[in-house]
Chemist: 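Quick one: this structure, given as structure tokens, is what I'll be asking you about.
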Amino acid sequence: MPLAFVIVLSVFLIASVVTIVNSIDLTVLTIYNYTKVFTPVLPRLAAAVPGEEVIRVPANIQAQIRKTSGVDRTIETSGFFFNINTVFGPFPFVCFGVTDENRDYLLKRAGDSLLPGGRMPDPGKPEAVISEGLARNKKVKIGDVIASPLDTGTLVAAPAPIKLVGILRGSTWMAFTSKKYTDASLPLVPHSLLVTTADPAAQGRVGDQLYDTLDKFQVQVLSFNNLVKTLRTSLASMYLIMHLVNGTVIFVVALMAGMLSNIYFTQRISEFAVLAAIGLRRSTLVWHAVSETAILTTLGWLLGVFVNYSVLTLMKGSVFEPRGMLINPSDPLSYLNTLPIPVCITLFAVATISYRLANLDPVTIIERR
Amino acid sequence: MTESLLSTTNISLVYDDGARVTHALRDVTIEIPNKRFVGIMGPSGSGKSSLLYILSGLKRPTGGDVRLGDYGYKAHSDLDLIDLRRQRFGFVFQQPYLLVWQTAMENVLMGAPILDAAARKKAVGYFEQLGIGAMAEKLPSQLSGGEKQRVCVARAMMNDPDIIFADEPTASLDHANGHLVVDLLSAYRKHGTVVVVTHDPEMLQGADSVLLMRDGQSLGWRDPVDVLGTAGPSKTVAL
Ligand SMILES: Nc1ncnc2c1ncn2[C@@H]1O[C@H](COP(=O)(O)OP(=O)(O)O)[C@@H](O)[C@H]1O
Ligand SMILES: [Mg+2]
């Protein structure tokens with residue numbers, strides 16, 4: 001029983017650590033999920049043309065994009081940023097200024113729709129619509145101000161307090177205002193392109209292609225796959241540390257479990273001695289002891305998985321999300337990380353019990369009265 | 001005595017634990033007949049258990065050898081003796097040791113050479129015969145001492161042993177249960193030999209013969225009626 005308790009606790013510990021560490025990954029991917037719907041192409045300062053007020057994606061690159069097979073629209077946009085809550089503190093999220101027609105086109109691609117009670121931003125007014133996920137993250141409702149010129153830490157702050165007029169239903173985090181408003185109030189902000197494909201399924205492939213082919217000194221391409229790659233590389237050392245910690249925990253737990261199974265074996269040594277006396281082979285006895293341990297550890301593991309899932313699910317809405325931590329309690333990866341626990345414990349038990357059984361003299365045990 | 005099943009020649013057993021040397025058995029040469037219920041009796045410390053362990057291959061003698069038919073123990077390895085015990089012997093000990101996580105039925109099936117339908121059928125038969133039919137699916141913790149010991153008897157019979165060895169099988173039981181267990185064991189003489197070690201002569205009333213032990217030596221076989229006179233304490237308690 002103490003063994004099962006140790007297993008439940010360690011499974012819970014490791015699975016929750018992994019889930020929480022994975023939350024960084026999940027958070028970043030959630031923030032940039034819109035790059036699955038369209039591929040932003042941002043001009044760099046090198047793309048500035050002397051005499052022109054606004055930096056745009058150079059005309060030759062625009063032509064190159066339009067010639068790329070599969071490309072549907074190249075939507076010119078500019079925008080401002082507002083802060084959202086994340087594990088790593090306030091983080092800027094972009095609000096694109098697009099025409100009504102382009103906005104509806106993008107929302108249709110993302111499968112989004114306006115939730116009842118809201119409306120789309122009036123062209124030219126300091127108004128915005130944001131996805132329900134963003135609204136929950138910022139804990140805002142229709143009528144609230146979501147961005148202000150005084151916001152710190154953003155790249156381009158809002159030109160005026162921006163009022164939330166509608167909330168979008170859909171899993172992709174997006175924010176839109178009118179192009180008329182951004183053009184009028186942010187005349188100097190560089191104009192980017194949002195590139196879409198005719199076939200939504202081709203967005204990833206075309207995004208990668210743009211990333212590979214466009215002049216990197218002139219423009220920056222935010223393709224989803226490349227963002228994931230960059231993210232995983234930058235998180236690599238953190239994952240390494242996590243795996244080291246997990247490994248240590250598993251080792252210590254297995255060691256403890258080995259000691260516990262030794263105690264358990266000592267308590268029940270008379271049973272095994274009698275079985276040895278009546279002629280059961282050592283291998284049969286080891287098999288009996290180990291199958292009991294294996295059943296116990298498996299049950300302990302299942303219980304640990306269940307406890308972790310329930311606790312994280314309960315804490316998800318109340319503790320993690322308000323702090324900007326996106327977690328996935330049913331992430332198979334975090335449970336995969338805990339699998340070595342029952343396996344190691346069973347192996348340790350096999351080792352200790354085999355050793356004890358090999359040196360067992362049934363008579364001395366039976367005679368002990 | 002009729003044809004002999006098990007025989008010893010000049011068995012001796014010396015315990016030397018450094019501080020003290022104990023001669024548990026000295027020069028014991030006996031023959032145990034086939035299909036008989038025999039007892040080994042003697043005061044505490046006279047070497048009864050030691051003899052039983054050596055007869056059953058649980059212990060190696062310091063000197064001498066044991067033969068089961070033409071199977072000499074000395075010539076065989078410990079692993080061979082394990083197989084011998086599993087295949088040809090049955091055991092009942094003083095404490096009714098059972099696997100606590102397994103039902104009475106599962107414990108009995110531990111004694112079966114092969115776990116098949118026939119073994120199950122046989123086990124069910126023993127449960128009925130031993131009067132514990134209702135206990136088959138219970139855990140040892142739900143059984144009384146006498147019931148547990150009967151489960152052990154059933155386990156000992158599962159492999160149709162040539163010999164059942166029982167070391168003080170009644171010592172942890174009350175009078176009635178003790179008699180019940182000995183009666184069950186003695187009934188097995190139709191199929192094989194039963195060797196019961198005890199210091200209580202009353203338990204050996206129905207035995208075919210009784211070997212007397214003293215100070216590690218055999219005093220030879222006696223008729224049970226002759227040893228009954230040396231009544232142990234349990235007789236007085238019973239009457
Ligand atoms: N493991 C042992 N180490 C030392 N002496 C022992 C050991 N086992 C038994 N003896 C001694 O051997 C003698 C015979 O013991 P045993 O065969 O158990 O007698 P019984 O079963 O008749 O009571 C006793 O004197 C006992 O103290
Ligand atoms: Mg004894």
Side-chain angles (χ1 to χ4, degrees), chain A residues 1-5 7 257 260-300 303 345-346 349-350 353-369, chain B residues 13 15 17 24 44-45 48-50 52-54 56-60 78-102 106-113 115 140 148 151-153 155-159 161 164-168 171-172 197:
Chain A
M1 279 311 110
L3 183 62
F5 187 66
I7 296 168
L260 282 173
S261 68
N262 232 319
I263 294 171
Y264 148 94
F265 185 78
T266 308
Q267 280 172 349
R268 302 183 46 201
I269 195 152
S270 54
E271 295 170 30
F272 288 101
V274 166
L275 292 177
I278 69 173
L280 270 77
R281 293 211 183 90
R282 302 281 194 251
S283 52
T284 316
L285 297 182
V286 171
W287 170 245
H288 268 282
V290 166
S291 54
E292 270 182 26
T293 315
I295 290 171
L296 199 70
T297 48
T298 308
L299 287 180
L303 192 62
I345 289 177
T346 307
V350 175
I353 292 177
S354 312
Y355 176 78
R356 295 282 303 267
L357 278 174
N359 296 301
L360 174 73
D361 176 15
V363 171
T364 53
I365 309 296
I366 294 164
E367 278 288 273
R368 200 188 292 156
R369 289 175 184 156
Chain B
L13 180 65
Y15 287 109
D17 55 10
S44 180
K48 306 182 297 294
S49 296
S50 301
L52 191 90
Y53 295 142
I54 288 172
S56 57
L58 272 165
K59 235 183 202 331
R60 298 278 191 183
D78 289 353
L79 288 179
D80 287 343
L81 291 185
I82 289 178
D83 290 342
L84 178 75
R85 295 203 298 272
R86 186 180 61 254
Q87 287 157 7
R88 304 194 55 185
F89 296 158
F91 289 90
V92 180
F93 298 100
Q94 175 176 348
Q95 299 295 332
Y97 292 115
L98 297 168
L99 288 191
V100 294
W101 291 54
Q102 313 241 295
E106 287 165 332
N107 270 286
V108 167
L109 290 171
M110 289 274 176
L115 260 187
K148 277 193 262 191
V151 171
C152 290
V153 170
R155 180 175 66 191
M157 292 177 176
M158 279 304 288
N159 57 342
I164 294 179
F165 294 99
D167 191 1
E168 311 266 11
S172 67
V197 163

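Values below: every heavy atom of this structure, side chains too, minus hydrogens, waters and symmetry copies. All values reported here derive from a predicted model rather than from experimental measurement. Naming: A, B, ... by sequence-line order, numbering from 1 per chain.
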Chemist: State, with a plain yes or no, whether a side-chain heavy atom of A/Arg281 is found less than 4.5 Å away from one of B/Leu79.
Modeler: no
Chemist: Could you please spell out the steps behind the side chain to side chain contact (heavy atoms under 4.5 Å, CB included) verdict for A/Val274 and B/Arg155?
Modeler: CA-CA 11 Å; A/Val274 166; B/Arg155 180 175 66 191; 3.3 Å; yes
Chemist: If you measure from CZ on B/Arg85 to CD1 on A/Ile278, what distance do you get to the nearest 0.5 Å?
Modeler: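 CD1 of A/Ile278 is found 9.5 Å from CZ of B/Arg85.
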Chemist: If every non-hydrogen atom of A/Asp361 is compared with every non-hydrogen atom of B/Lys59, which pair is closest and at what distance?
Modeler: OD2-NZ, 4.5 Å
Chemist: Between B/Gln102 and chain A, which part of the residue has a heavy atom less than 4.5 Å away: side chain, backbone, both or neither?
Modeler: side chain
Chemist: CG of A/Leu296 to CH2 of B/Trp101: how many Å apart, nearest 0.5 Å?
Modeler: 5.0 Å
Chemist: Closest heavy-atom contact between B/Phe91 and A/Ala277?
Modeler: CE1-O, 3.5 Å
Chemist: Of all the heavy-atom pairs spanning B/Leu98 and A/Glu271, show the shortest one and how long it is.
Modeler: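 Looking at all heavy atoms of both residues, the closest pair is O-CG, 3.2 Å.
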Chemist: With respect to chain A, which residue among B/Phe93, B/Phe89, B/Phe165 yields the maximal number of heavy-atom pairs within a distance under 4.5 Å?
Modeler: B/Phe93
Chemist: Kindly give the heavy-atom pair with the smallest separation between B/Ile82 and A/Leu280, and that separation in Å.
Modeler: CG2-O, 4.0 Å
Chemist: Do A/Gln267 and B/Val100 make a side-chain contact, defined as non-hydrogen atoms from C-beta onward lying under 4.5 Å apart?
Modeler: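 No, too far: nothing below the 4.5 Å cut-off.
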Chemist: Any chance CZ of A/Arg282 has more than 12 other-residue heavy atoms, nucleotides or ligands included, within less than 6.0 Å?
Modeler: yes
Chemist: Can you tell me how far the CD1 atom of A/Ile366 sits from the CD atom of B/Gln94, to the nearest 0.5 Å?
Modeler: 11.5 Å
Chemist: Need one label for A/Ala276: side chain, backbone, both or neither, based on atoms under 4.5 Å from any heavy atom in chain B.
Modeler: backbone
Chemist: Starting at NE2 of A/His288, measure out to CD of B/Glu106 and round the result to the nearest 0.5 Å.
Modeler: 9.0 Å
Chemist: Quick one: CG on A/Leu285 to CG on B/Leu99, what's the gap to the nearest 0.5 Å?
Modeler: 9.0 Å
Chemist: Can you tell me how far apart CD (B/Gln95) and CD1 (A/Ile365) are? Round to the nearest 0.5 Å.
Modeler: 13.5 Å
